[in-house]
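Step one of this worksheet: look at the structure below.
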Amino acid sequence: MTIEIQQQRVQHLNDNDILPGDLVVYWMQASVRAAYNHALEYAIRQANLLRQPLLVVFGFTDDYPEANLRSFAFLLEGLQDVQRLLAERGIEMIVRRGSPDEVAIKAARHASLLVTDRGYLRHQRDWRHDVAGAVACRLTQVESDVVVPVELASPKLEHAARTLRPRITRHLEEFLVELGPTSLKHQSLHLGDDPANIDLSDIDTVLASMQLDRSVSRLSHLYQGGESQAHRALTNFLDTRFVNYARNRNQPQTNDVSDLSKYLHYGHISPVEIALRIQDSGAANDNIDTFLEELIIRRELPINFVFYQPDYDRFSHLSGWARRTLEDHQNDPRAYLYTAQQLEHAETHDDYWNAAMREMVHTGYMHNYMRMYWGKKVLEWSATPAEAYRVLLKLNNKYFLDGRDPNSYGNIAWIFGQHDRAWQERAIFGKVRYMSAAGLERKSRPAEYVEKVEQKIRQPKITYSP
DNA sequence: ATCGGCTCGCGCAA
DNA sequence: TGCGCGAAGCCGAT
């Protein structure tokens, strides 16, 4: 049984026809997995219809925006895993060094059809645009990283979750469906010996050969990238912590969260697969509903944001009340002013904040509730909102394994009022929502969170065994 | 512990 | 044009 891939996931990015070529190429870039990968399944079905083999190609570049040792290691672990999983299905995948668009163009030279997955950030869209114009064959993009395709959910920038929610919910029945694997009928090509291909059998060697920022430590002792690890993380969450999810998801002193955001960011797991597993878990409805709200609505709102807001990574995109009120308070005196370096080194007067910053630097993660507090305080302690915006995005993208994601840009924009409402006017923040240490203490146990972070840094331990 | 007030703009009903 | 409502807010009153 194979489910049809919903038509709305499929877009032809140029007007070219399918050519009488030798093979179908799937240019993998965003959905680095074998399971629940609509682009992969689409490419297999097209190859079978054309009676041709399929080649999967990934373009790997040292110049990837804001990447470093930490993120490259996780990426490579994921590539190694998916290459192995595809091989088990008789599908050949090569990872070739070079700018992704150039790698795709070269790989498509003898292709009948080039298929790719979808990314929403500027550089991801630019690559696909460049490739669409450069190849002779058709380039087909298949959305595989959201539940409801962005343009179908809404034709415009949404200002709040409550307006996007019904627009997504009405399509869930159609899009929250299984996607079984299709068998590839025709032999692969055995291109593995090409010297241009990267040998993934030893990741250390690949990393050593690269020019990259090594100042951000590798975290493979804590988290390894890859589809297999993502599935283990999901199973572990369902078996041990999901029962507490609705109650504890905003309690930073607990670990009752899914740990899946980094796998979602790298495309190591599909949101559709996660949602189906959650729905079928037999858990209490409040846990299921709360989780699906986070996974689908709260994840796809920032994707709507980066898709319809070209300046998603700049303070200047803010308009209307939030921009006005922050600028009205631009010259308010700041009780604390920290340099970017003091912040990065967690050298502030605030122990809760310092713990959050340390969690970020040393574990590549920060509890979601603390991400809000962390951001609000940087706004409070910076000379201008624009400066705070810059510093927050830089730290976010440097240290988080789930950084450089639409969620990163959405989360930072939220600090400055995006997707939020006006509140009682006060210094510096104006009418933008404020957060305080007293609020943290009222709602959670931040002193225990500080303890938890220090413990985690001292004794790093993976929460699920490989 | 819980509640109302603060405050804005969107989307929908009218 | 009016009205309800919102992710995590705070604050003061009860």
Side-chain angles (χ1 to χ4, degrees), chain A residues 153-170 244-254 256-258 261 286-305 308-309 317-329 332 335 350 352-353 356 359 365-381 385 388 392 396 402 405-446 449:
Chain A
S154 171
K156 64 176 193 63
L157 182 72
E158 294 290 333
H159 296 273
R162 74 187 174 89
T163 56
L164 182 63
R165 189 176 297 110
R167 292 174 169 278
I168 285 184
T169 306
R170 68 172 74 121
N244 300 321
Y245 188 73
R247 184 158 42 96
N248 282 353
R249 75 186 172 82
N250 275 342
Q251 296 293 315
Q253 72 280 5
T254 75
D256 293 328
V257 293
S258 73
S261 59
D286 60 338
N287 289 325
I288 293 175
D289 294 347
T290 307
F291 190 90
L292 292 181
E293 165 79 10
E294 300 298 317
L295 174 72
I296 303 173
I297 308 299
R298 300 292 165 184
R299 179 167 176 271
E300 297 186 11
L301 180 62
I303 293 175
N304 169 280
F305 170 64
Y308 289 112
Q309 174 50 266
H317 76 75
L318 272 190
S319 54
W321 70 273
R323 174 71 170 271
R324 222 176 309 122
T325 195
L326 286 168
E327 288 182 348
D328 284 348
H329 291 269
D332 289 357
D350 181 335
Y352 304 152
W353 192 93
E359 183 176 34
Y365 175 79
M366 187 192 298
H367 191 281
N368 190 51
Y369 197 72
M370 296 306 293
R371 292 189 192 206
M372 297 185 260
Y373 181 77
W374 173 79
K376 291 291 186 184
K377 288 299 155 188
V378 174
L379 170 55
E380 188 178 338
W381 302 334
L392 283 168
N396 192 98
D402 60 13
D405 191 89
N407 263 277
S408 307
Y409 300 99
N411 289 347
I412 300 304
W414 180 86
I415 302 295
F416 297 80
Q418 182 74 26
H419 299 146
D420 204 7
R421 51 178 285 202
W423 299 90
Q424 176 80 297
E425 192 161 5
R426 59 158 58 229
I428 303 174
F429 288 81
K431 291 164 183 170
V432 168
R433 184 193 301 266
Y434 171 76
M435 288 179 82
S436 69
L440 282 185
E441 287 161 357
R442 208 164 37 243
K443 296 180 161 108
S444 69
R445 300 205 285 274
Y449 166 73

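Protein chains get the first letters and strands the later ones, always in sequence-line order, with residue 1 at the start of each.
The nearest whole Å value for the distance from the CD1 atom in A/Ile428 to the C1' atom in C/dC10 is 15 Å. A straight line from OH of A/Tyr245 to C1' of C/dA7 spans 12 Å, rounded to a whole angstrom. Here C/dA7 presents its C1' atom at 17 Å from CE of A/Met370, a figure rounded to the nearest Å. Residue A/Ile415 contributes atom CD1, which lies 12 Å from atom C1' of C/dA7 at whole-angstrom precision. Put simply, CG on A/Leu379 is 15 Å from P on C/dC10, counting in whole angstrom units. For the pair A/Arg247 CZ and C/dA8 C1', the computed distance is 19 Å after rounding to whole Å. Per the geometry, CG belonging to A/Asp289 stands 16 Å off P belonging to C/dA7, to the nearest Å. For A/Phe429 and B/dC6, the CZ to C1' distance is 17 Å, given to the nearest whole Å.
Among the protein residues, A/Glu294 comes within range of the nucleic acid bases, having at least one heavy atom under 4.0 Å from a base atom. Nucleic acid contact class of A/Arg426 (heavy atoms, under 4.0 Å, all strands): sugar-phosphate only.
Between A/Asp402 and A/Arg371 a salt bridge is recorded (basic side-chain N to carboxylate O distance below 4.0 Å). The pair A/Glu327-A/Arg323 meets the salt-bridge criterion, since a charged nitrogen lies less than 4.0 angstrom from a carboxylate oxygen.
Taking the ring-ring contact (aromatic ring centres under 6.0 Å, His included) definition, one finds that A/Tyr409 meets it with A/Tyr312, sequence neighbours left out. Take A/His317 and apply the ring-ring contact (aromatic ring centres under 6.0 Å, His included) test, not counting sequence neighbours, and it matches A/Phe305, A/Tyr389. Partners of A/Arg421 according to the salt bridge (Lys or Arg N to Asp or Glu O under 4.0 Å) rule, which considers only residues two or more places apart in sequence or in another chain, do not exist here. Partners of A/Arg247 by salt bridge (Lys or Arg N to Asp or Glu O under 4.0 Å), not counting sequence neighbours: none found. The ring-ring contact (aromatic ring centres under 6.0 Å, His included) check on A/Phe429 picks up A/Tyr434, with sequence neighbours excluded. Scored by the salt bridge (Lys or Arg N to Asp or Glu O under 4.0 Å) test, A/Asp350 finds no partners at all (sequence neighbours excluded).
The P atoms of B/dA14 and C/dC5 are separated by 14 Å, rounded to the nearest whole Å. On the C1' atoms, C/dA7 is 22 Å away from B/dC12, given to the nearest whole Å. Taking atom P in both B/dG4 and C/dG4, one finds a spacing of 15 Å when rounded to whole Å.
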Using a 4.0 Å heavy-atom cut-off, write out nucleotides 7-14 of chain B from 5' to 3' as B (base contacted by protein), S (sugar-phosphate only) or - (no contact). BSBBS---

Pairs under 3.5 Å (Watson-Crick or G-U), crossing ones as [ ], inter-strand ones as |: DNA chain B comes out as ||||||.||||||.

Pair up each side-chain donor or acceptor in residues 292-301 of chain A with any protein partner under 3.5 Å, not counting sequence neighbours, and list the distances.
from, atom 1, to, atom 2, distance (Å)
A/Glu293, OE1, A/Arg165, NE, 3.1
A/Glu293, OE2, A/Arg165, NH2, 2.8
A/Glu293, OE2, A/Arg298, NE, 3.0
A/Glu293, OE2, A/Arg298, NH2, 3.2
A/Glu294, OE2, A/Arg249, NH1, 3.2
A/Arg299, NH1, A/Asp145, O, 2.7
A/Arg299, NH2, A/Asp145, O, 3.0
A/Glu300, OE1, A/Val148, N, 3.3
A/Glu300, OE2, A/Val147, N, 2.6

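For A/Thr325 (side chain) and A/Lys431 (main-chain N/O), a donor-acceptor pair under 3.5 Å exists by modelled atom type.
Remark: A/Arg433 is in phosphate contact with C/dA8, judged by side-chain N or O atoms under 4.0 Å from OP1 or OP2. A close approach under 4.0 Å does occur between a side-chain nitrogen or oxygen of A/Arg165 and OP1 or OP2 of C/dA7.
Nearer the 5' end of DNA chain C, as judged by each residue's closest nucleotide, is the contact made by A/Ala161, out of A/Arg442 and A/Ala161.
Judged by distance alone, with hydrogens and angles left aside, A/Asn368 brings a side-chain donor or acceptor within reach of the base of C/dA8, the pair sitting under 3.5 Å.
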